[in-house]
Amino acid sequence: RKEVEQDPGPFNVPEGATVAFNCTYSNSASQSFFWYRQDCRKEPKLLMSVYSSGNEDGRFTAQLNRASQYISLLIRDSKLSDSATYLCVVNLGPDSWGKLQFGAGTQVVVTP
Amino acid sequence: DTEVTQTPKHLVMGMTNKKSLKCEQHMGHRAMYWYKQKAKKPPELMFVYSYEKLSINESVPSRFSPECPNSSLLNLHLHALQPEDSALYLCASSQDGTGQGGLDYGYTFGSGTRLTVV
């Protein structure tokens, strides 16, 4: 079983619609969680950290469920510019020298 | 300055060449990383430098040799590479070098060097 698993998609989303997808992680010692966005042939860019209480940044909402070991990302009012691959990233904490575990990414395609 | 700068952006090298990738950050971050990313795959960790000392080598072949001359710079020296080493090489940094630096703020990635070995 992979340590961080994501649905690869693609999720084809009409402009203006809402899309949501999850990521599961296997290591219960994981300490922090992030969503990164990666455009084709570009570097990953931090989209948002994911906090236990859930957090929102504009049209993006992230949730963490430690009991079930998954995080989620919801995008409201999708824009064409939201088309990208969204990487779920888990930090295993100081005992693992802060190593990041990356999911394989979920591709989102927003269509006009 | 909130960027990680990598040079060159593109590199084509022969299997007998020696080249170096460079990475620079001026955010005061004390941990720096090299990742390798193949097409349609997530980044794979290669090396971690913490307070300018190598703390993790993910069993990377010796044809890749990292170097951290100071807290702002990270190099990756390449020698006798194979065509399968062609990939996007990403440098990243995080706040402190104890392994806790990325806990709250994540990592900042450079734009990468796209390497082609011919």
Side-chain angles (χ1 to χ4, degrees), chain A residues 2-10 23-25 27 29-53 55 57 60 62 64 71 73 84-107 109, chain B residues 2-6 9-10 23 25 27 29-51 53-58 86-116:
Chain A
K2 293 180 184 174
E3 300 207 38
V4 180
E5 292 204 63
Q6 296 183 248
D7 182 339
C23 159
T24 58
Y25 61 94
N27 191 330
S30 302
Q31 297 206 6
S32 54
F33 309 87
F34 307 92
W35 285 105
Y36 278 74
R37 170 200 169 120
Q38 187 168 27
D39 293 293
C40 187
R41 300 176 69 83
K42 300 283 191 182
E43 77 275 21
K45 292 189 177 177
L46 181 64
L47 179 66
M48 58 198 301
S49 302
V50 186
Y51 302 122
S52 296
S53 54
N55 48 301
D57 183 0
F60 297 84
L64 166 63
I71 67 173
L73 182 67
T85 296
Y86 291 84
L87 298 169
C88 171
V89 183
V90 175
N91 188 318
L92 297 180
D95 290 344
S96 298
W97 283 97
K99 282 174 65 172
L100 298 182
Q101 295 284 349
F102 284 82
T106 295
Q107 186 183 6
V109 179
Chain B
T2 57
E3 287 187 345
V4 175
T5 303
Q6 288 187 244
K9 293 196 181 305
H10 301 275
C23 175
Q25 57 87 14
M27 296 178 280
H29 287 181
R30 303 314 301 269
M32 296 184 76
Y33 312 82
W34 281 114
Y35 281 84
K36 171 182 177 179
Q37 187 175 26
K38 303 281 268 185
K40 298 190 184 301
K41 299 286 187 184
E44 296 176 4
L45 182 65
M46 300 174 71
F47 301 104
V48 179
Y49 270 84
S50 170
Y51 291 94
K53 294 193 186 318
L54 183 65
S55 59
I56 294 180
N57 176 340
E58 291 284 276
S86 298
L88 179 67
Y89 287 83
L90 294 162
C91 174
S93 68
S94 64
Q95 282 204 324
D96 77 56
T98 63
Q100 300 188 55
L103 279 182
D104 295 322
Y105 305 108
Y107 291 20
T108 302
F109 283 87
S111 58
T113 294
R114 191 160 298 281
L115 174 68
T116 303

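As the structure is a prediction and not an experimental result, all values here were calculated from the model. Below, read A as the first sequence line, B as the second, and so on, with proteins coming before strands; counting in each chain starts at 1.
Using a 4.0 Å cut-off between charged nitrogen and carboxylate oxygen, A:Asp39 and A:Arg41 do not count as a salt-bridge pair.
Within the 4.5 angstrom heavy-atom criterion, no atom of A:Gln107 approaches chain B. Neither the backbone nor the side chain of B:Gln6 comes within contact range of chain A, judged by heavy atoms closer than 4.5 Å. For B:Gln37, the part lying under 4.5 angstrom from a heavy atom of chain A is the side chain only.
Checked by atom type, the side-chain pair A:Gln6/A:Thr106 shows a donor-acceptor distance below 3.5 Å.
If you look at B:Phe109 and B:Tyr33, their ring centroids are not closer than 6.0 Å.
The line from OG of A:Ser30 to CD of A:Glu3 is 8.0 Å long, rounded to the nearest 0.5 Å.
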